[in-house]
Amino acid sequence: MPRTIRITRSHKLATAVLVAAGSVTAIAATGGQSDAQPAAAKTSIAAEKVAGVSTAKEAVAKKAAQETAAKKAAADAAAAKKAVAERKATAEKAVADRKAEAKKSAEKARSEKQAANRSTERKAVAAPKQYKNNLDGWIRESLDIMKKKNIPGSYEGLHRNIMRESSGNPNAVNDWDVNAQNGIPSKGLLQVIQPTFDAYHVNGTPKKLTDPVANITAAANYAADKYGSIDNVDSAY
């Protein structure tokens, strides 16, 4: 049979004390845990905020760096484009300058040539061809006139007949032949009588029988009419 335990007043008080102590301990433990949890949460939130701020700053810095790099790249591209344009403009200007200089030189050369031509023309007009005052000069001047008047004859033909007729003396006079007897003696380099001279005189030469050039051209004109050319004359004519 089980033993009956008698609970006294003392037992009840002791039990109450123990229960109260356990409650306090439990409350204390529960209260400590409750305070620790918000503090940890706050620490975690603060850390997250710090991390977020750091990340945002890095993003801003990265964006700024990217913008700076983009601006620098754009500036470099613009500078390169400008340099290319300047080189092109310089090259085009050099080409244009060379063309202008070549044109200027050509115009100068053309102007100088025209001036030289005008000067030559003036000299030609102002200074007619000069001939020596001797038999060679008389023959050459006569040949130039004969060429302009289409009168045939050569230097050799004129010279040969002159030497036979007068020996090159422009004042030679034949005072013994039939012409002289008739009062119209032959005179000059090619021994021409006055009527023949008057009939065959060449315009542009003096109207003087004994003038060397007038005498030669008139005689050559006469010979061309009678014999075809002075070159065909080999004796008195």
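Side chains included, hydrogens not; waters and symmetry mates left out as well; all remaining heavy atoms used.
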Sorted by chain and residue number, the salt bridge (charged side-chain N to carboxylate O under 4.0 Å, His left out) partners of D198 (sequence neighbours excluded) come out as none
Salt bridge (charged side-chain N to carboxylate O under 4.0 Å, His left out) filter on D177, not counting sequence neighbours, yields none
Sorted by chain and residue number, the salt bridge (charged side-chain N to carboxylate O under 4.0 Å, His left out) partners of D136 (sequence neighbours excluded) come out as R140
Sequence neighbours excluded, the answer for side chain to side chain donor-acceptor pair (under 3.5 Å) partners of D231 is S154
One should read off an interatomic distance between K207 NZ and D211 CG, to the nearest 0.5 angstrom, of 13.0 Å
Sorted by chain and residue number, the side chain to side chain donor-acceptor pair (under 3.5 Å) partners of R164 (sequence neighbours excluded) come out as N161
Looking only at heavy atoms, the pair that brings L189 and P170 closest together is CD2-N, 3.5 Å
For A223, the side-chain contact (heavy atoms from CB on, under 4.5 Å) test, sequence neighbours excluded, returns Y227, I230, V233
Which donor-acceptor pairs under 3.5 Å do side chains of residues 68-88 form with protein atoms, sequence neighbours excluded?
unit_1: T68; atom_1: OG1; unit_2: A64; atom_2: O; d: 2.8
unit_1: K72; atom_1: NZ; unit_2: D76; atom_2: OD2; d: 3.1

Item to complete: Would you check if the side chain of N215 reaches a backbone N or O of K187 as a donor-acceptor pair within less than 3.5 Å?
Response: yes
Residues at least two apart in sequence or cross-chain that pass salt bridge (charged side-chain N to carboxylate O under 4.0 Å, His left out) with D97, listed by chain then number, are K93
Those residues at least two apart in sequence (or on a different chain) that pass side-chain contact (heavy atoms from CB on, under 4.5 Å) with Q114 are R110, R118
Open item on the list: Hydrogens and angles aside, do W138 and N133 bring a side-chain donor and acceptor to less than 3.5 Å of each other?
Closed with: yes
Across all chains, not counting sequence neighbours, the side-chain contact (heavy atoms from CB on, under 4.5 Å) partners of D234 are R160
Y200 meets the side chain to side chain donor-acceptor pair (under 3.5 Å) criterion, sequence neighbours left out, with D225
The remaining residues in the hydrophobic cluster of I184, counting side-chain heavy-atom contacts under 4.5 Å among Ile, Leu, Val, Met, Phe, Trp and Tyr, are I193
